[in-house]
Visitor: 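Take a look at the following structure, please.
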Amino acid sequence: SLLAVAEARIARLDPAARRFLRVASVFGEAFWEPGVAALLEPDQVPPDVVAYLVGREVFVAGEGRTHSGELRFRHALLRDAAYAMLLPDDRALLHRRAGEWLVTSGGAQEPLVLAEHFERGGAAARAAPYFHRAAELALESWNQPLVDSLVERALRCEPDEPLRGRLKLLEAAASVARGAHAEAVAQAKIAYESLPAGSASRY
């Protein structure tokens with residue numbers, strides 16, 4: 001298969017490059033050199049590893065819209081093959097650490113990206129607020145099906161009661177926008193019971 005061909009190509013790379021490649025795959029098709037380096041030990045990042053991988057047409061320079069040092073996998077299959085090589089426990093740990101790096105690195109980042117890193121990293125409590133923010137943005141764009149999907153994913157993270165209330169309120173607003181008023185009433189009642197007394201959202 002094409003994936004097997006990609007895996008064979010990765011297997012021929014230098015061991016340090018393979019390690020860097022696997023960690024980069026956690027970020028997706030686009031990633032940032034400082035982010036990958038932050039997830040590795042200092043002695044695991046040879047100074048020429050990026051140039052080595054660019055020279056072998058594994059990476060290409062990205063647009064750098066959110067962080068400096070942005071790179072991309074030249075082919076999605078290379079990213080998928082590298083990601084498949086990670087053990088499940090390592091993958092979860094790296095997703096958590098990638099999410100933390102994106103939060104603290106100072107660059108703008110889509111909340112859904114952060115939510116998915118924490119979700120895949122087994123940090124549900126960290127994921128839920130970012131799913132909520134992503135649902136807010138979806139509502140602002142009048143994308144009611146996406147609001148419903150994101151709220152459902154956030155609720156699976158078992159958020160605390162105030163956040164659960166805010167999520168159900170978003171769900172109610174999406175129902176109103178598509179004319180499903182009976183659903184909106186039921187959702188708003190749940191939101192009302194979950195939100196703190198005296199809060200603006202409860203009013």
Side-chain angles (χ1 to χ4, degrees), residues 1-41 44-105 107-124 126-128 130-131 133-134 137-138 143 145-146 149-150 152-154 156-157:
S1 69
L2 290 174
L3 190 61
V5 171
E7 289 176 348
R9 181 177 174 186
I10 291 171
R12 292 194 295 270
L13 297 173
D14 177 85
R18 290 201 302 270
R19 184 185 303 113
F20 192 93
L21 191 65
R22 289 195 297 271
V23 174
S25 72
V26 171
F27 286 96
E29 288 186 39
F31 59 95
W32 302 271
E33 183 180 350
V36 177
L39 271 58
L40 289 165
E41 297 297 329
Q44 294 179 330
V45 188
D48 59 348
V49 66
V50 170
Y52 172 86
L53 289 165
V54 169
R56 279 153 183 75
E57 299 187 338
V58 177
F59 295 159
V60 293
E63 297 178 5
R65 290 173 294 179
T66 56
H67 297 275
S68 62
E70 183 178 285
L71 296 160
R72 299 186 70 87
F73 283 86
R74 183 173 286 276
H75 300 291
L77 272 173
L78 286 171
R79 183 266 167 184
D80 294 344
Y83 190 74
M85 292 176 176
L86 290 166
L87 297 173
D89 288 347
D90 292 340
R91 188 180 298 165
L93 175 62
L94 288 168
H95 272 297
R96 289 196 301 274
R97 294 180 64 186
E100 294 293 351
W101 181 82
L102 288 167
V103 169
T104 60
S105 61
Q109 186 62 54
E110 293 181 12
L112 182 55
V113 172
L114 297 172
E116 290 182 336
H117 274 303
F118 289 122
E119 181 186 49
R120 292 171 184 173
R126 294 283 281 129
Y130 292 109
F131 277 127
R133 178 57 187 150
L137 295 175
N143 190 338
L146 182 57
S149 173
L150 292 170
E152 182 181 349
R153 292 177 72 179
R156 287 202 300 266
C157 294

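In this text, all values refer to a predicted model and were calculated from it rather than measured experimentally.
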Visitor: Could you give the side-chain donor-acceptor pairs of residues 83-91 under 3.5 Å, partners two or more places apart or in another chain?
Guide:
from : atom 1 : to  : atom 2 : distance (Å)
Y83  : OH     : H95 : NE2    : 2.7
R91  : NH2    : Y83 : O      : 3.0
R91  : NH2    : L86 : O      : 3.1

Visitor: Distance from L94 atom CG to F27 atom CZ, nearest 0.5 Å?
Guide: 8.5 Å

Visitor: Tell me the closest heavy-atom pair linking A61 and L71, and the distance in Å.
Guide: CA-CD2, 4.1 Å

Visitor: My understanding is that only residues two or more places apart in sequence, or in another chain, count here; which of them pass side-chain hydrogen bond (donor to acceptor under 3.5 Å, both in side chains) with R133?
Guide: E136

Visitor: Are the side chains of D80 and F73 in contact, using a 4.5 Å heavy-atom criterion?
Guide: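 Side-chain contact under 4.5 Å: no.
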
Visitor: According to side-chain hydrogen bond (donor to acceptor under 3.5 Å, both in side chains), who are the partners of R156, at least two apart in sequence or on a separate chain?
Guide: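 In terms of side-chain hydrogen bond (donor to acceptor under 3.5 Å, both in side chains), with neighbours along the sequence ignored, R156 is linked to E152.
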
Visitor: List for me each residue that meets side-chain contact (heavy atoms from CB on, under 4.5 Å) alongside V54, sequence neighbours excluded, and say none if there are none.
Guide: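 Once residues adjacent in sequence are excluded, the partners of V54 under the side-chain contact (heavy atoms from CB on, under 4.5 Å) criterion are V50, F59.
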
Visitor: Of all residues at least two apart in sequence or in a different chain, which pass the side-chain hydrogen bond (donor to acceptor under 3.5 Å, both in side chains) check with R153?
Guide: E116, E119

Visitor: Could you tell me which residues satisfy salt bridge (charged side-chain N to carboxylate O under 4.0 Å, His left out) with E7, sequence neighbours excluded, listed by chain and number?
Guide: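 Listed in chain order: nothing, the list is empty.
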
Visitor: Restricting to non-hydrogen atoms, name the atom on C157 and the atom on A128 that form the minimum distance, rounded to 0.1 Å.
Guide: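 That closest heavy-atom pairing would be CB-CB, 3.9 Å.
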
Visitor: What side-chain donor-acceptor pairs closer than 3.5 Å can you find for residues 12-23, not counting sequence neighbours?
Guide:
from : atom 1 : to  : atom 2 : distance (Å)
D14  : OD2    : A16 : N      : 3.0
R18  : NH1    : A11 : O      : 3.3
R18  : NH1    : L13 : O      : 2.5

Visitor: For A6 and L77, work out which heavy atoms get closest and say how close.
Guide: CB-O, 3.8 Å

Visitor: Quick one: salt bridge (charged side-chain N to carboxylate O under 4.0 Å, His left out) partners of E29, sequence neighbours excluded?
Guide: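 Here no residue qualifies.
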
Visitor: My understanding is that only residues two or more places apart in sequence, or in another chain, count here; which of them pass side-chain contact (heavy atoms from CB on, under 4.5 Å) with A123?
Guide: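 A123: side-chain contact (heavy atoms from CB on, under 4.5 Å) contacts with R96, F118, R126.
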
Visitor: For A154, which residues count as a side-chain contact (heavy atoms from CB on, under 4.5 Å) partner, sequence neighbours excluded?
Guide: F131, L167

Visitor: Minimum heavy-atom separation for V26 to H117, with atom names?
Guide: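 Between these two residues, the closest heavy atoms are O-CE1, 3.2 Å.
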
Visitor: Quick one: CD on E100 to CG on L39, what's the gap to the nearest 0.5 Å?
Guide: 10.5 Å

Visitor: Show, in sequence, the C-alpha distance, side-chain angles and deciding distance for R9 and V58, and conclude whether the side-chain contact (heavy atoms from CB on, under 4.5 Å) test is met.
Guide: CA-CA 10 Å; R9 181 177 174 186; V58 177; 4.3 Å; yes

